[in-house]
2 protein chains.
Amino acid sequence: MSETKHKILDVAERLFAEQGFAATSLRHIIAEAGVNLAAIHYHFGSKEELLDELVGRLAGPVNVERIARLERLEAEAGEAPLAVEPILDAFIRPGAEMACKHPESSRMLGRMYAEGLMPTLVDRHFKPTGKRFVAALRRAVPDIPEQEFLWRVDFMIGAMSHAMVHSQVLGPHAEEDAGHAARFTVPRMSCLIAFLSAGFRAPASLVDEKVEVSQ
Amino acid sequence: MSETKHKILDVAERLFAEQGFAATSLRHIIAEAGVNLAAIHYHFGSKEELLDELVGRLAGPVNVERIARLERLEAEAGEAPLAVEPILDAFIRPGAEMACKHPESSRMLGRMYAEGLMPTLVDRHFKPTGKRFVAALRRAVPDIPEQEFLWRVDFMIGAMSHAMVHSQVLGPHAEEDAGHAARFTVPRMSCLIAFLSAGFRAPASLVDEKVEVSQ
DNA sequence: GTCTATACTGAGATAGAC
DNA sequence: GTCTATCTCAGTATAGAC
């Protein structure tokens, strides 16, 4: 990879993490990287594709680790369905470990999520892996109506993505902490898994499978 | 209120809901509203303050209804702490009813949340009310360590906000539904309350109150 | 008080020389 | 591969008509 391309990626990741995507101009990136404005469009095509490459190189190893953990669980369980906790742990832990090892990168990812840059980005890079976990979860809670199960998946995704960016937005020190990036630490991850597991294992709220679809 | 201001607000709300905030230009708004560009800055000051007024006129009635329901619950309970479900119901139901009655407006709110326009917006308009509900929740689950409780509040906020915008992002028809706005219907709301209540009532995951603070 | 016309600054994107 | 010059369009600011 060319030196120019490398410098662009590194500076862009840092600035996106610090300021967000929209607030970071290409001119700011090229100034700090010491390259020309047109070099970005030559190497990446557009500002969005530059971000796409950044997300892709982060998502890759996380997805590999997630699948590896899930397959290890499935191998151990044989034909039996898995429990909820280990599934969520296999999904969340690789992300949390990446967040601990590369806090800058994970802050960037969280920022992009918070800025609403899905589905074009997070969907593309995380959905294929996510679908395998959804299938495993479905076997873990077979008694929940399908519609309610899919909604619970949405609740989980919302809680997870929010947890990666925000911290104590309604807490006692929310004001002075506003704008601070939350570190997605291991104890925080454990609490998230406990919270979501309880939610998934709750008795069904919908009484009839044939509820009218909501969208 | 002047006719011009009214038209700007209505068109802006619709376009923000359809396209998001960043993707909607002021020139697009004035073209559809049939007014002059400078009228926006005369009446609102800036694009962000225009959005602020839109959010404020939606949040007001919802907050009033939320507080009314909470105070009714507290009056019925006397000195006893409330249960988790009724608290969450009092918080979530007014928002869901607003979403059913004004789907366009709620879609706009959800979009703004998804675009990461907090804390300047949602925080300002929803946080004061939210803090009263957090206090009530704290009394409802007194045995959870403070740190874990605050994280659970974050998980709840993430699940709620996500549920208002997205639907079945990992579901079987996610591709063709991508970009569709989810309607935050009543059964969906009931499922959310059941999911979150179970999470809040889960046994504590942190063993020690003196866990190192994560931010 | 309201609104219009117009100009200013900075953004992302692009064509073509080298 | 890289850079210069330029294009289009965004949000914003101001002067002045009614």
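To find a chain, count down the sequence lines: A is the first, B the second, and so on, and within it residues start at 1. FYI, side chains are in, hydrogens and waters are out, and symmetry mates aren't considered; it's all heavy atoms of this structure.
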Subject >> Under 4.0 Å protein heavy-atom contact, by nucleotide of nucleotides 2-18 of chain C - B base, S sugar-phosphate only >> reply: BBBB-----BBBB----
Original post:
Without hydrogens or angle criteria, can the side chains of B:His125 and B:Asn63 be said to hold a donor-acceptor pair below 3.5 Å?
Top reply: no
Original post:
In whole angstroms, how far is the C1' atom of D:dG1 from the CD1 atom of A:Ile40?
Top reply: 15 Å
**OP:** Find the distance between CE (B:Met156) and CG (B:Leu192) and round it off to the nearest 0.5 Å.
**Re:** 9.5 Å
Original post:
Around atom CD of A:Glu48, are there more than 12 heavy atoms of other residues, nucleotides or ligands at under 6.0 Å?
Top reply: no
Subject >> Within 45° cone of A:Phe195 ring axis and under 6.0 Å: B:Arg152 NZ or CZ >> reply: no
**OP:** Examine A:Arg138 relative to A:Phe149 and say whether NZ or CZ is less than 6.0 Å from the centre of the six-membered ring and inside a 45° cone about the ring axis.
**Re:** yes
